[in-house]
K.L.:
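My questions all concern the structure below.
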Amino acid sequence: MAVTAKPKLDAHRLRADFPVFEQLFHGKPLSYLDSASSAQKPRQVLDTMHEFYATSYANVHRGVYGLAERSTERFEAARETVRALVNAPSSREVIFTRSATEALNLVAYAWGLDNLGPGDLVVVTELEHHSNFVPWQYVAKRTGAAFRHIPIDDAGELQLDALDGLAAEGRVKVVANNLVSNSLGTINPVEELAAWAHEQGAIMVVDAAQAAPHRALDVQALGCDFLALSSHKLCGPTGAGALWGRRDLLEQMSPFNLGGEMIRSVALDRTSWNELPYKFEAGTPAIGEAVGFGAAIDYVTGIGLEAIEEHEHMLVAHALERLAEIPGLRAFGPPPERRAGIVSFDIEGIHPHDVAQVLDWEGVAVRAGHHCTQPLMTRLGVAATTRASFYLYTVPEEIDRLVEGLHRVKKVLG
Amino acid sequence: MAVTAKPKLDAHRLRADFPVFEQLFHGKPLSYLDSASSAQKPRQVLDTMHEFYATSYANVHRGVYGLAERSTERFEAARETVRALVNAPSSREVIFTRSATEALNLVAYAWGLDNLGPGDLVVVTELEHHSNFVPWQYVAKRTGAAFRHIPIDDAGELQLDALDGLAAEGRVKVVANNLVSNSLGTINPVEELAAWAHEQGAIMVVDAAQAAPHRALDVQALGCDFLALSSHKLCGPTGAGALWGRRDLLEQMSPFNLGGEMIRSVALDRTSWNELPYKFEAGTPAIGEAVGFGAAIDYVTGIGLEAIEEHEHMLVAHALERLAEIPGLRAFGPPPERRAGIVSFDIEGIHPHDVAQVLDWEGVAVRAGHHCTQPLMTRLGVAATTRASFYLYTVPEEIDRLVEGLHRVKKVLG
Amino acid sequence: MSEFDQLYREVILDHYRNPRGHGELDRPDAEAEGQNPLCGDEVTIYVRLAPDGETIDEVKFSGRGCAISQAATSMLTELVTGRTATEVATLPKDELLEEIGIPLTPVRLKCALLGLGTLKVALHKAKGTPLPEEWAGMAGDLDLR
Amino acid sequence: MSEFDQLYREVILDHYRNPRGHGELDRPDAEAEGQNPLCGDEVTIYVRLAPDGETIDEVKFSGRGCAISQAATSMLTELVTGRTATEVATLPKDELLEEIGIPLTPVRLKCALLGLGTLKVALHKAKGTPLPEEWAGMAGDLDLR
Ligand SMILES: Cc1ncc(COP(=O)(O)O)c(C=O)c1O
Ligand SMILES: Cc1ncc(COP(=O)(O)O)c(C=O)c1O
């Protein structure tokens with residue numbers, strides 16, 4: 001076996017692609033440690049969108065003229081780029097949405113409303129993002145299905161020994177889980193859950209919003225049925241996301257949004273649906289944003305998802321080590337080798353809002369709040385945490401600035 | 001009374017704002033006559049979006065740090081811009097969506113599913129766009145309500161004498177109509193319909209996707225309950241649209257999409273909703289696109305919607321006059337003074353696809369198809385029409401090129 | 001030759017003006033209706049099978065469409081007559097496109113392939129041959145009747 | 001004075017560290033629970049009315065929050081004691097903000113106004129005074145119990 005060097009990226013060099021870092025905040029350079037909430041955008045993506053709108057824009061799919069063809073080609077090429085990113089068998093199975101949230105709602109509504117009922121179980125986890133939690137609560141309520149969750153242990157990892165008990169409670173029809181937790185960084189055992197879901201006759205819905213920017217994805221290897229991701233966390237524009245779904249399921253489903261584009265024919269008394277993926281794309285899609293999403297995937301895969309993952313592991317290990325210096329600081333979640341570049345922590349006696357506020361004045365941007373995971377916060381016994389999260393443009397010096405800032409926080413508010 | 005000159009715009013000068021016109025197609029300059037499908041984008045909008053993403057982007061609403069505040073401010077300023085455009089009483093009533101289509105689905109789902117049932121009537125019109133037609137068909141079917149339509153006369157105008165018959169059939173609960181027809185350009189009597197709807201105890205849903213780019217809007221004067229519009233038809237980016245809704249209705253409604261941002265609190269057994277408008281904005285919204293939408297509204301209102309309307313009337317009168325030269329050409333719809341800048345026509349014996357294809361080689365971009373109004377096409381007795389549509393950058397010479405191109409079409413395929 | 005002259009070359013215009021197989025069949029062995037969602041064009045395909053129940057004896061079509069779709073469907077009727085249903089069900093679309101012999105953009109491709117897709121649906125319904133993949137996702141509608 | 005020193009000026013830190021009115025009231029005349037959707041902070045407000053049923057005799061609060069929300073709620077209890085319920089229901093938020101006396105960004109504004117909004121909800125529930133507009137749209141939830 002050949003020894004291969006681990007892939008590396010040069011974050012200092014990559015930072016130059018991101019114009020946002022050219023500014024000062026409160027007179028200081030910006031340490032942007034909130035990439036789990038949304039990533040910054042490189043010039044390459046912004047320029048592609050500008051160029052697209054300036055030279056090649058028209059509404060897609062219907063126009064016979066050259067400009068419309070060009071626009072359609074670019075839009076469909078972006079779909080193919082998403083397909084390749086998640087290794088889907090066909091780009092017909094890739095549906096453009098506004099966001100990961102909308103992708104998950106699409107499944108909950110269009111699959112859930114027609115396939116759930118009393119006696120059925122919808123199973124989520126205690127560390128789900130609200131976007132893969134509330135839609136399931138909602139369809140469970142509407143259809144009379146029961147809503148259950150897989151608990152986590154103190155290290156923030158799923159307690160799979162709860163599965164048998166769930167299976168005994170009724171027909172498990174949906175299992176929904178994020179591949180990477182946005183609050184803890186935990187990498188969840190989605191393959192195992194998918195196998196279990198299929199044993200129960202359930203569908204496996206994977207929220208990859210937080211995983212897609214940080215590691216290589218393969219829907220076929222994961223063995224899931226649906227997978228949601230979004231552009232804005234992956235250096236792309238807002239307004240674009242995608243749902244991958246297994247072809248046979250998508251074919252059987254009713255549409256979600258209705259209107260232009262998703263029909264084969266409309267009459268006063270009968271309307272029939274268009275082919276995949278258009279059946280699920282009502283109205284004018286986010287054309288320029290899909291093109292930007294494609295450019296962002298090209299940018300990120302050009303750097304290499306393995307190199308990004310490796311870089312984040314390095315950063316998160318450094319962060320956990322340095323944060324341990326702060327007295328009264330409690331970091332949540334698993335050890336660095338089982339998590340993505342995200343660290344959530346609590347400082348005894350100081351509210352995360354105040355932590356983040358003081359850090360802001362030091363030029364360090366972190367997130368304070370429940371990170372759309374209130375059930376998890378309840379489990380951790382806090383209302384909110386402070387979260388620092390990293391991406392390909394993050395350098396270790398920024399973590400050092402974070403730690404210095406935290407010393408300042410302690411001095412003022414401790 | 002002072003005599004005021006009619007507002008005027010200089011389309012030749014405005015064209016310079018649109019980089020798309022700097023290119024040749026098939027060796028010829030572009031006559032883009034498909035603005036009803038989607039408008040081209042001026043440099044001002046593209047530059048604003050680029051600048052926003054490059055300097056002021058972060059996820060909105062939650063971040064305590066400066067960049068997030070700046071981003072939130074820009075996003076909320078765009079909401080205020082939309083509010084002012086439609087003269088809504090409060091920006092809390094303005095919900096950002098992907099498109100007009102999604103705005104209409106939001107109403108159909110979130111209001112319709114909970115408020116319709118057997119014995120109720122949902123009333124659309126024969127000239128609705130599929131996006132204000134199929135969602136109502138769908139919720140009517142799901143709830144057991146009856147689905148009815150107001151027919152049009154041969155000039156493409158609504159036959160309001162059908163209303164009494166409809167009222168006799170059951171409880172009218174929804175009346176849905178576009179303010180301007182995207183196929184015929186007809187300006188519909190929405191105020192009258194709204195008054196009638198309210199007499200019946202129904203809500204009035206106005207699709208202003210096609211009206212917003214072309215004329216001043218006032219939801220209070222229209223007297224409607226909901227109004228949908230989209231950015232991409234108004235020189236803005238794709239991926240952004242808006243729904244305005246009457247406050248008390250929005251307050252009573254359940255949410256549509258669920259997930260992050262739209263909640264007040266989430267627990268395993270109980271979730272409660274956030275305040276307006278966030279209750280209806282699940283997940284990361286299209287932030288950069290909302291900012292671009294705002295910039296587009298600024299651009300268009302800077303020129304003046306009255307000047308744009310006047311310009312289009314001039315163009316459509318010119319077009320109808322010149323098109324009358326073509327033997328076998330039948331133009332649909334009302335006279336120029338009662339329509340926006342849209343002309344749909346049929347040339348005897350020649351399919352619109354072939355018309356559009358030949359015109360493309362002449363550098364003239366028009367749309368061929370049913371324009372997402374199949375029930376209207378059925379009423380007109382055609383499968384499709386050729387449609388030329390105009391905007392603020394359209395000059396009369398382009399209409400002359402269209403007419404020349406049509407002579408060529410006749411020669412080749414007639 | 002310009003793009004234009006290429007697309008509307010003589011053979012296309014000939015098939016368009018004098019479509020082969022235009023009309024209906026009485027009591028056909030297979031039949032289906034197809035729609036082009038992009039422009040609302042409709043085509044109905046009728047198939048008569050030979051007594052062996054496999055060989056396609058005659059194909060006719062009715063409906064409206066543009067020059068490309070009419071010419072392509074006309075050529076299609078000539079192309080498949082005499083072949084077996086199984087063969088036609090898996091006929092690569094490229095074989096028809098070669099016959100048409102002109103470069104087509106994606107939108108016009110839909111026009112050109114509407115007849116072939118509809119024929120495959122007709123055979124699927126009558127004989128259980130595979131459904132073309134772009135039709136599978138269309139399953140389902142909203143019927144208010 | 002830097003932005004920082006302004007926000008966390010001495011009076012704020014004092015109210016934060018020694019909140020006035022922190023605690024609960026037994027059998028209060030009005031009570032409500034409020035949540036800040038941005039960070040999950042919760043506050044419960046308890047009100048004791050004077051025998052006239054109108055004048056606010058005592059206000060207490062419990063719950064967790066950041067320095068700004070704790071200090072603002074502490075100041076609030078002092079601000080409203082002795083006023084009538086009707087007056088407080090329409091108390092302009094600027095009056096509290098003046099008391100706080102520091103510039104606040106929109107997110108921190110939510111923190112500062114959580115107590116006031118919750119107090120108005122408590123009075124609304126007990127006395128039918130107007131509901132603050134930002135709470136009206138929250139009506140409704142999903143209850144799986
Ligand atoms: C009248 C009308 N309604 C609705 C729509 C759909 O809007 P959108 O393109 O924003 O989905 C359109 C445009 O296609 C339209 O012209
Ligand atoms: C794990 C996870 N799921 C879902 C979402 C929601 O995705 P979006 O921002 O695309 O709505 C996020 C991000 O906020 C997330 O981190």
Side-chain angles (χ1 to χ4, degrees), chain A residues 25-28 37 122 124 130 133-149 183 346-347 349-363 367-378 380-387 405 408-409 411-414, chain D residues 1-19 22 33-44 61-74 100 102-115 118 138-145:
Chain A
F25 285 81
H26 303 285
K28 306 189 176 87
S37 174
V122 175
V124 302
H130 293 162
F133 189 99
V134 188
W136 296 114
Q137 259 183 332
Y138 178 80
V139 289
K141 174 86 179 185
R142 267 214 182 260
T143 59
F147 180 74
R148 295 288 180 271
H149 71 277
S183 284
D346 181 59
I347 298 181
I350 308 181
H351 191 281
H353 261 181
D354 298 315
V355 175
Q357 185 85 63
V358 175
L359 288 175
D360 177 45
W361 288 320
E362 302 294 320
R367 184 126 306 215
H370 51 60
H371 321 297
C372 301
T373 54
Q374 282 197 320
L376 172 64
M377 295 293 119
T378 304
L380 299 176
V382 295
T385 70
T386 305
R387 181 185 71 182
R408 170 106 209 249
V409 170
K411 217 172 79 191
V412 185
L413 291 160
Chain D
M1 208 162 52
S2 76
E3 274 173 308
F4 170 82
D5 295 321
Q6 237 191 320
L7 186 58
Y8 293 107
R9 68 199 181 103
E10 212 35 67
V11 50
I12 299 285
L13 290 179
D14 176 48
H15 271 274
Y16 166 51
R17 290 184 176 129
N18 313 295
H22 200 272
E33 200 190 295
Q35 276 138 340
N36 182 342
L38 301 189
C39 62
D41 282 346
E42 287 171 351
V43 67
T44 306
F61 74 100
S62 63
R64 50 193 173 184
C66 60
I68 303 300
S69 85
Q70 295 290 301
T73 309
S74 166
I100 302 172
I102 46 174
L104 291 170
T105 60
V107 166
R108 302 318 300 274
L109 210 60
K110 291 254 178 213
C111 305
L113 296 174
L114 178 62
T118 307
M138 291 184 171
D141 61 12
L142 198 66
D143 200 333
L144 304 181
R145 289 168 304 194

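Side chains included, hydrogens not; waters and symmetry mates left out as well; all remaining heavy atoms used.
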K.L.:
Please state whether the side chain, the backbone, both or neither of Tyr138(A) comes within less than 4.5 Å of a heavy atom of chain D.
P.N.:
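Both the backbone and the side chain of Tyr138(A) come within 4.5 Å of chain D.
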
K.L.:
Just give me the residue among Glu42(D), Arg17(D), Arg64(D) that pairs up with chain A most often, heavy atom to heavy atom, under 4.5 Å.
P.N.:
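Max contact count across the listed options: Arg64(D).
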
K.L.:
Any side-chain donor paired with an acceptor under 3.5 Å for Asp41(D) and His351(A)?
P.N.:
yes

K.L.:
Got Ile68(D) and Ile102(D) here, is their nearest side-chain heavy-atom distance under 4.5 Å?
P.N.:
yes

K.L.:
Taking side chain as everything from C-beta outward and backbone as N, CA, C, O, which of these in Leu38(D) sits under 4.5 Å from a heavy atom of chain A? Side chain, backbone, both or neither.
P.N.:
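Leu38(D) touches chain A through backbone heavy atoms alone.
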
K.L.:
Salt-bridge test for Asp14(D) and Arg9(D): reply yes if a basic N is under 4.0 Å from a carboxylate O, no otherwise.
P.N.:
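Looking at Asp14(D) and Arg9(D), the cut-off is not met.
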
K.L.:
With only heavy atoms counted, which part of Val382(A) is less than 4.5 Å from chain D, the side chain, the backbone, both or neither?
P.N.:
backbone

K.L.:
Tell me, side chain or backbone of Gln137(A) under 4.5 Å from chain D's heavy atoms, or both, or neither?
P.N.:
both

K.L.:
Determine the minimum heavy-atom distance between Ile350(A) and Tyr16(D), stating which atoms define it.
P.N.:
CA-OH, 4.4 Å

K.L.:
Does a donor on one side chain and an acceptor on the other come within less than 3.5 Å for Thr385(A) and His371(A)?
P.N.:
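Looking only at side-chain atoms, His371(A) and Thr385(A) do form a donor-acceptor pair, the distance falling under 3.5 Å.
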
